[in-house]
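Working notes, beginning with the structure itself.
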Amino acid sequence: MKRISSIVAALLLFSISTFAETITFRADRMTGSTKKSGDITTLQGNAIIKTEDMELTADLIELSGKDFRNIRAQGNITGKIISSQMDFSCEDMSYDRTSKIARLQNGVHLVDHQNDVEADADLVDYNQNTDVAILQIGVSLTQKDNHCTASYALYQKKNQTLTLTGNPQVKQGENTFRAQEIILNLDTQEITLDGRVRGSVTTEENSQKTEQPAQSGTPTNASEGTNGR
């Protein structure tokens, strides 16, 4: 009886609002329980939830904490952050509705439609308030003619800046850049290289590649054929 009452209570909360935000949901099966720390509601099988700013589907979604502050999803996750115009997919996700910080894990794929950016990593922490994403392990990001790889990346969506460390490499068309740290402005396409800089560029005159060191810390623009020579 207590379990049934908990489920009914959860349904009522969903149908009204939490944090002045309406949440709608659908799933093949739903269970719920009540604890001192807050209600826990679990949606299983083709689970879908929608808030004012997020749409999420997964094999399993769990909502917990006071006013269902915490969202945890597992299995075949796909989602959309409406205000950021970002889509994502992964296998494991946690999201705090108060801090608006999401952690995505295992086979993460991000698509920033606003800036034509696609990224893959094994772990991504995304702050919805600041529009900053930290990508770790097997990072790969593409945008326009840029193909970037690294072990760690800091993507600042608002100012379109990407900072790469951990054996970073940026390819712009036929040009390749490597350094200990690479900062790429995705708007202007300017690259700043720092530490053990090297790369190769293809000149327009003879279309031949030449690999050579570049001056550390010097911005370069591959479209102009410069590499700090």
Side-chain angles (χ1 to χ4, degrees), residues 5-121 123-135 143 154-161 186:
S5 299
S6 298
I7 295 174
V8 171
L11 283 166
L12 290 172
L13 283 168
F14 271 105
S15 63
I16 303 173
S17 63
T18 60
F19 275 35
E21 179 182 27
T22 299
I23 301 176
T24 59
F25 70 94
R26 186 170 73 240
D28 294 338
R29 183 168 179 263
M30 175 180 173
T31 59
S33 63
T34 302
K35 295 184 178 181
K36 291 183 179 179
S37 57
D39 296 325
I40 298 177
T41 299
T42 303
L43 307 172
Q44 292 179 288
N46 301 304
I48 300 174
I49 65 168
K50 293 182 180 181
T51 69
E52 294 175 0
D53 196 41
M54 180 181 288
E55 297 179 6
L56 182 66
T57 67
D59 293 338
L60 182 148
I61 300 176
E62 181 184 88
L63 299 102
S64 62
K66 184 178 179 181
D67 293 320
F68 298 107
R69 170 177 175 170
N70 303 306
I71 297 175
R72 176 74 185 272
Q74 292 179 307
N76 298 306
I77 299 167
T78 60
K80 177 184 297 185
I81 302 174
I82 299 170
S83 63
S84 302
Q85 297 183 41
M86 292 183 69
D87 293 348
F88 60 87
S89 61
C90 60
E91 290 298 315
D92 198 308
M93 172 190 176
S94 59
Y95 179 67
D96 187 319
R97 293 178 52 245
T98 302
S99 65
K100 294 190 179 298
I101 294 176
R103 165 160 283 199
L104 314 176
Q105 300 182 78
N106 302 325
V108 183
H109 182 68
L110 291 176
V111 180
D112 180 358
H113 293 284
Q114 186 178 18
N115 298 300
D116 195 26
V117 172
E118 291 195 39
D120 295 283
L123 173 63
V124 176
D125 290 307
Y126 177 66
N127 188 319
Q128 191 176 344
N129 289 321
T130 60
D131 269 339
V132 173
I134 298 174
L135 299 86
Q143 182 253 9
L154 177 68
Y155 175 47
Q156 297 173 284
K157 175 179 165 67
K158 289 182 179 178
N159 61 14
Q160 279 295 275
T161 301
L186 297 173

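Scope of the values below: all heavy atoms of this structure, side chains included, with no hydrogens, waters or symmetry mates.
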Any salt bridge (Lys or Arg N to Asp or Glu O under 4.0 Å) involving residues 102-114? Give me the pairs, sequence neighbours left out, ordered by first then second residue.
->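 Those involving residues 102-114 are Arg103-Asp125, Asp112-Lys157.
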Tell me every residue that passes side chain to side chain donor-acceptor pair (under 3.5 Å) with [X], counting only those two or more places apart in sequence or in another chain.
| X | result |
| --- | --- |
| Glu118 | His109 |
| Glu62 | none |
| Tyr95 | Gln128 |
| Asn159 | Thr161 |

Which heavy-atom pair separates [X] from [Y] by the least distance, and what is that distance?
| X | Y | answer |
| --- | --- | --- |
| Gln105 | Cys90 | O-CB, 3.5 Å |
| Arg72 | Met93 | CD-O, 3.2 Å |
| Ala119 | Leu135 | CB-CD2, 3.7 Å |
| Thr22 | Glu52 | N-OE2, 3.8 Å |
| Ala47 | Ala27 | CA-CB, 4.0 Å |
| Gln143 | Leu186 | NE2-O, 2.9 Å |

For Asn106, enumerate each residue passing the side-chain contact (heavy atoms from CB on, under 4.5 Å) test, keeping only those at least two apart in sequence or located in another chain.
->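 If we apply the side-chain contact (heavy atoms from CB on, under 4.5 Å) test to Asn106, skipping adjacent residues, the hits are Glu91, Asp92, Asp122.
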What pairs with Thr51 under side-chain contact (heavy atoms from CB on, under 4.5 Å), at least two apart in sequence or on another chain?
->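 Partners of Thr51 under the side-chain contact (heavy atoms from CB on, under 4.5 Å) test: Glu21, Ile23, Met54.
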Considering only heavy atoms from C-beta outward, does the side chain of Arg69 approach that of Asp96 to under 4.5 Å?
->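 Yes, their side chains come closer than 4.5 Å.
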Between Val108 and Asp120, is any pair of side-chain heavy atoms under 4.5 Å apart?
->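 Of all side-chain heavy-atom pairs linking Asp120 with Val108, none is under 4.5 Å.
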Look up atom [atom1] in [X] and atom [atom2] in [Y], then write down how far apart they are to the nearest 0.5 Å.
| X | Y | atom1 | atom2 | value |
| --- | --- | --- | --- | --- |
| Leu123 | Ile134 | CG | CD1 | 9.0 Å |
| Ser64 | Ile71 | OG | CD1 | 9.5 Å |
| Gln85 | Asp87 | CD | CG | 10.0 Å |
| Thr130 | Lys158 | OG1 | NZ | 7.0 Å |
| Ile61 | Thr41 | CD1 | OG1 | 11.5 Å |

Residues, nucleotides or ligands: over 12 heavy atoms within 6.0 Å of Asn127 CG |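 Enclosed: over 12 neighbouring heavy atoms sit under 6.0 Å from CG of Asn127.
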Lys50, NZ: over 12 other non-hydrogen atoms inside 6.0 angstrom |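 Incorrect, the count does not exceed 12.
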Does the pair Tyr126 and Leu110 meet the rule for a side chain to side chain contact (heavy atoms under 4.5 Å, CB included), with working shown?
-> CA-CA 10 Å; Tyr126 177 66; Leu110 291 176; over 6 Å; no
Side-chain donor/acceptor pairs under 3.5 Å, residues 74-83, sequence neighbours excluded:
| residue | atom | partner | partner atom | Å |
| --- | --- | --- | --- | --- |
| Asn76 | ND2 | Asp59 | OD1 | 3.4 |
| Asn76 | ND2 | Asp59 | OD2 | 2.9 |
| Thr78 | OG1 | Thr57 | OG1 | 2.5 |
| Ser83 | OG | Asp53 | OD1 | 3.1 |
| Ser83 | OG | Asp53 | OD2 | 2.9 |

Side chain to side chain contact (heavy atoms under 4.5 Å, CB included) between Phe88 and Leu56, intermediate numbers included = CA-CA 9 Å; Phe88 60 87; Leu56 182 66; 4.0 Å; yes
Ignoring hydrogens and angles, tell me if any N or O in the side chain of Asn129 forms a donor-acceptor pair with the backbone of Ser99 under 3.5 Å.
->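 Between the backbone of Ser99 and the side chain of Asn129 there is a qualifying donor-acceptor contact (under 3.5 Å).
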Determine yes or no for a side-chain-to-main-chain donor-acceptor pair under 3.5 angstrom, with Arg97 supplying the side chain and Phe68 the backbone.
->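 A pair under 3.5 Å: yes.
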Working for side chain to side chain contact (heavy atoms under 4.5 Å, CB included), residues Leu63 and Leu43 | CA-CA 8 Å; Leu63 299 102; Leu43 307 172; 4.3 Å; yes
